[in-house]
Trainee: 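Sending over a structure as structure tokens; questions will come in a sec.
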Amino acid sequence: MSRLSVVDEIFLRGYRGSGTPSALQGLWRTSDTVDHELLEGIHARLRVGPLGRRVVRSRVPGARPYWRANSRSHPLGIGPEPIPTETLLSWADAQGEELDPEFGSGWRLSAADLREGGCVVALTCSHALADGRGLALAVDNALSGAPVGEYPRQGSDWSDARRQWTTVLSGTARALRSGIPRSPATGPARRATDLPGVGAVIQFPAAEWERAALERGGTPNSLFLYLMARLLWDSGFSDPEIGASVPVDTRADRRVDNDMAMTEVCVTTADTPASLREKARAAYEYRISAPDGMPAELLQVLPDRLAHRLSRGAGERDILCSNIGALPTSLTHLGPHRCTGVAARAIHPGLSATHLPRTRLSGYFARVGRDHTLSLVALDPARIPSPAALTGLVESRLTALGISATTW
């Protein structure tokens, strides 16, 4: 569809200071320098692809904002000097600055040579434009020419407003018959005096991960949930229960957008990969929504500040476990350059240390060929103060699982 979804608008509000600002990022590492002309060609195809669009707001009350093609883009960013490999993720964090899916460009393609050899390429886009799977499809389209669903014209604003108000009024009336809905669980407010960039990317053989999951009666996904919860407890988190928010891909085609829903898994210290397998299966039948019991479209007809109050923290739990799945094979090469590693993650450009979300640790799990890549982002400076601390936690847990890992 050409109009913004409820999820699109939640992420858009994050860029306007109402919520957690989020950008998605794909990272590629190669053993040699990627040709600049090749990168220019990829940049040109991305500019006219599904990421090349911006938000246009309707003047009709209740009508949803819609997407319009936008050929304006940030220029291809090529680092003038090689960067130390140890600063790779810090460099990548900075690529999320000045993304504007409404009044400018919501994406950026960047590259930098590594001082110790090789190259890193980053595609960063506003989360309002796409989810993790959507970003992978956009890159697949640019690299291989694979077809991606097109966005139709938005149609009449008056017709859309009429449908929205009908849905909201009828759904609200039904919800109120059961009483006033509860506010979403947001968790206690968190603040920090400093918010350093704390991230890690770990790469390991998929066969070893699958063996570890099978030996423990779980699946690759339930072992992922188990690992993420254990990492938070290992960091010093004291609550005996951890709430895990789990994005679920709901797309039926190759459309580049936020086609996902959120569900929740409650993890206890007694849980194993086997028990989490059953919990995750049951959780997929339930979706986190906000405000509780009300039609989600209500958030699209209210002013931004009120919509933010009603949806604040609705999809946030103690940890985020995003299993992106198998990435397209086209992402394993950039032209003639074979990628030694591919990772996907979310970053939070402009996030203030005085407005931390409930989520303390986020994990983004993807399969690339014969390897899995786990990208971690920590937002708990008191317990995970540095990338070295985060890397130490995950390497210890993977060793205990019998998995040989490489840290980027």
Side-chain angles (χ1 to χ4, degrees), residues 4-25 55 89 92-102 106-107 124-132 134-135 183-199 228 232 237 242-247 258 260-264 288-291 296 299-300 302 304-322 324 344-364 375-384 390:
L4 273 68
S5 69
V6 173
V7 176
D8 294 338
E9 291 202 62
I10 288 175
F11 287 126
L12 184 63
R13 284 193 292 273
Y15 273 85
R16 300 289 173 257
S18 297
T20 303
S22 296
L24 294 178
Q25 190 170 69
V55 175
L89 292 183
D93 288 342
Q95 307 312 307
E97 298 176 358
E98 298 180 356
L99 299 180
D100 190 339
E102 187 169 7
W107 64 276
T124 313
C125 82
S126 162
H127 211 324
L129 290 172
D131 57 22
L135 181 63
S183 299
T186 60
R190 296 198 299 128
R191 295 173 180 267
T193 57
D194 187 26
L195 187 61
V198 178
M228 290 294 297
L232 188 59
F237 187 74
I242 288 177
S245 57
V246 181
N258 284 297
M260 65 175 185
M262 298 293 288
T263 189
E264 177 183 14
I288 299 174
S289 63
L299 301 176
Q300 296 185 288
L302 295 174
D304 280 354
R305 287 183 179 274
L306 182 54
H308 169 60
R309 286 179 58 189
L310 290 174
S311 62
R312 182 172 51 201
E316 295 175 357
R317 298 297 184 264
D318 302 308
I319 57 176
L320 170 70
C321 304
S322 179
I324 300 172
R345 64 179 192 150
I347 57 177
H348 306 288
L351 179 64
S352 169
T354 60
H355 292 83
L356 295 179
R358 174 179 171 180
T359 305
R360 298 169 184 271
L361 182 65
S362 300
Y364 306 90
S375 302
L376 297 168
V377 177
L379 295 175
D380 196 347
R383 295 184 177 88
I384 309 176
L390 178 58

Trainee: Are Met228 and Leu376 side-chain neighbours, meaning at least one heavy-atom pair lies under 4.5 Å?
Mentor: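 Answer yes - side chains close enough.
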
Trainee: With sequence neighbours left out, what residues match Thr20 under side-chain contact (heavy atoms from CB on, under 4.5 Å)?
Mentor: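 Scan of Thr20 (side-chain contact (heavy atoms from CB on, under 4.5 Å), adjacent residues dropped) gives Ser22, Glu316, His348, Leu351, Pro357.
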
Trainee: For Glu97, which residues count as a side-chain contact (heavy atoms from CB on, under 4.5 Å) partner, sequence neighbours excluded?
Mentor: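 Testing Glu97 for side-chain contact (heavy atoms from CB on, under 4.5 Å), a comparison that skips the adjacent residues, returns Ala94.
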
Trainee: Under a 4.5 Å cut-off applied to non-hydrogen side-chain atoms, are Leu135 and Cys125 in contact?
Mentor: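 Contact flag for Leu135/Cys125 side chains = yes.
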
Trainee: Got a sec, which residues hit side-chain contact (heavy atoms from CB on, under 4.5 Å) with Arg305, two or more places apart in sequence or on another chain?
Mentor: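 side-chain contact (heavy atoms from CB on, under 4.5 Å) list for Arg305, sorted by chain: empty.
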
Trainee: Heavy atoms only: give me the nearest Glu264-Gly243 pair and the separation to one decimal.
Mentor: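 Shortest heavy-atom contact: OE2-CA, 4.3 Å.
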
Trainee: Looking only at non-hydrogen atoms, find the nearest pair between Pro247 and Cys321 and report the distance.
Mentor: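 That would be CD-O, 3.2 Å.
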
Trainee: Identify the two heavy atoms, one from Leu24 and one from Ala346, that lie closest to each other, and give their separation to 0.1 Å.
Mentor: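 Reported closest heavy-atom pair: CD2-CB, 3.9 Å.
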
Trainee: Run Asp100 and Arg16 through salt bridge (Lys or Arg N to Asp or Glu O under 4.0 Å) and show every step you take.
Mentor: CA-CA 10 Å; Asp100 190 339; Arg16 300 289 173 257; 3.2 Å; yes

Trainee: Not counting sequence neighbours, which residues clear side-chain hydrogen bond (donor to acceptor under 3.5 Å, both in side chains) with Arg383? List them please.
Mentor: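 Once residues adjacent in sequence are excluded, the partners of Arg383 under the side-chain hydrogen bond (donor to acceptor under 3.5 Å, both in side chains) criterion are Asp380.
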
Trainee: For Gln25, check side-chain hydrogen bond (donor to acceptor under 3.5 Å, both in side chains) against everything at least two apart and list the hits.
Mentor: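 Partners of Gln25 under the side-chain hydrogen bond (donor to acceptor under 3.5 Å, both in side chains) test: Thr124, Arg345.
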
Trainee: From Arg358 CZ over to Leu320 CG, what is the distance, rounded to the nearest 0.5 angstrom?
Mentor: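 It comes to 12.0 Å.
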
Trainee: Report the distance from atom CD1 of Ile242 to atom CG of Leu232, rounding to the nearest 0.5 Å.
Mentor: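 It comes to 4.0 Å.
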
Trainee: With rounding to the nearest 0.5 Å, note down the distance linking CG in Asp304 to OG in Ser18.
Mentor: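 With rounding to 0.5 Å, CG (Asp304) is 6.5 Å from OG (Ser18).
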
Trainee: Under the ring-ring contact (aromatic ring centres under 6.0 Å, His included) test, which residues partner Tyr364, sequence neighbours left out?
Mentor: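 With neighbours one apart ignored, the set is empty.
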
Trainee: Which atom names give the shortest non-hydrogen contact between Asp8 and Ser5, and what distance separates them?
Mentor: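 Taking every non-hydrogen atom into account, OD2-N, 2.8 Å.
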
Trainee: Between atom OG of Ser126 and atom CH2 of Trp107, what is the distance when rounded to the nearest 0.5 Å?
Mentor: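 The OG atom of Ser126 sits 13.5 Å away from the CH2 atom of Trp107.
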
Trainee: Which residue is it: Leu390, Asp318, Val198? I am looking for the one with a side-chain contact (heavy atoms from CB on, under 4.5 Å) to Leu361.
Mentor: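 Testing each of Leu390, Asp318, Val198 against Leu361, the sole residue satisfying side-chain contact (heavy atoms from CB on, under 4.5 Å) is Leu390.
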
Trainee: Measure the CG-CG distance between Asn258 and Leu129 for me, rounded to the nearest 0.5 Å.
Mentor: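 These two atoms lie 8.5 Å from each other.
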
Trainee: Looking at every non-hydrogen atom in both residues, tell me the closest pair between Ser375 and Ala344 and how far apart they are.
Mentor: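 Closest approach of Ser375 to Ala344, heavy atoms only: OG-O, 3.2 Å.
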
Trainee: If I take atom CE from residue Met262 and atom OG from residue Ser245, how far apart are they, to the nearest 0.5 angstrom?
Mentor: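 Taking CE in Met262 and OG in Ser245, the distance rounds to 4.0 Å.
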
Trainee: Taking all non-hydrogen atoms of both residues into account, name the closest pair between Pro381 and Leu356 and its distance.
Mentor: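 Closest approach of Pro381 to Leu356: CD-CD1, 4.3 Å.
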
Trainee: Do Gln300 and Ile10 have side-chain heavy atoms sitting under 4.5 Å apart?
Mentor: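 Heavy-atom side-chain distance check fails, nothing below 4.5 Å.
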
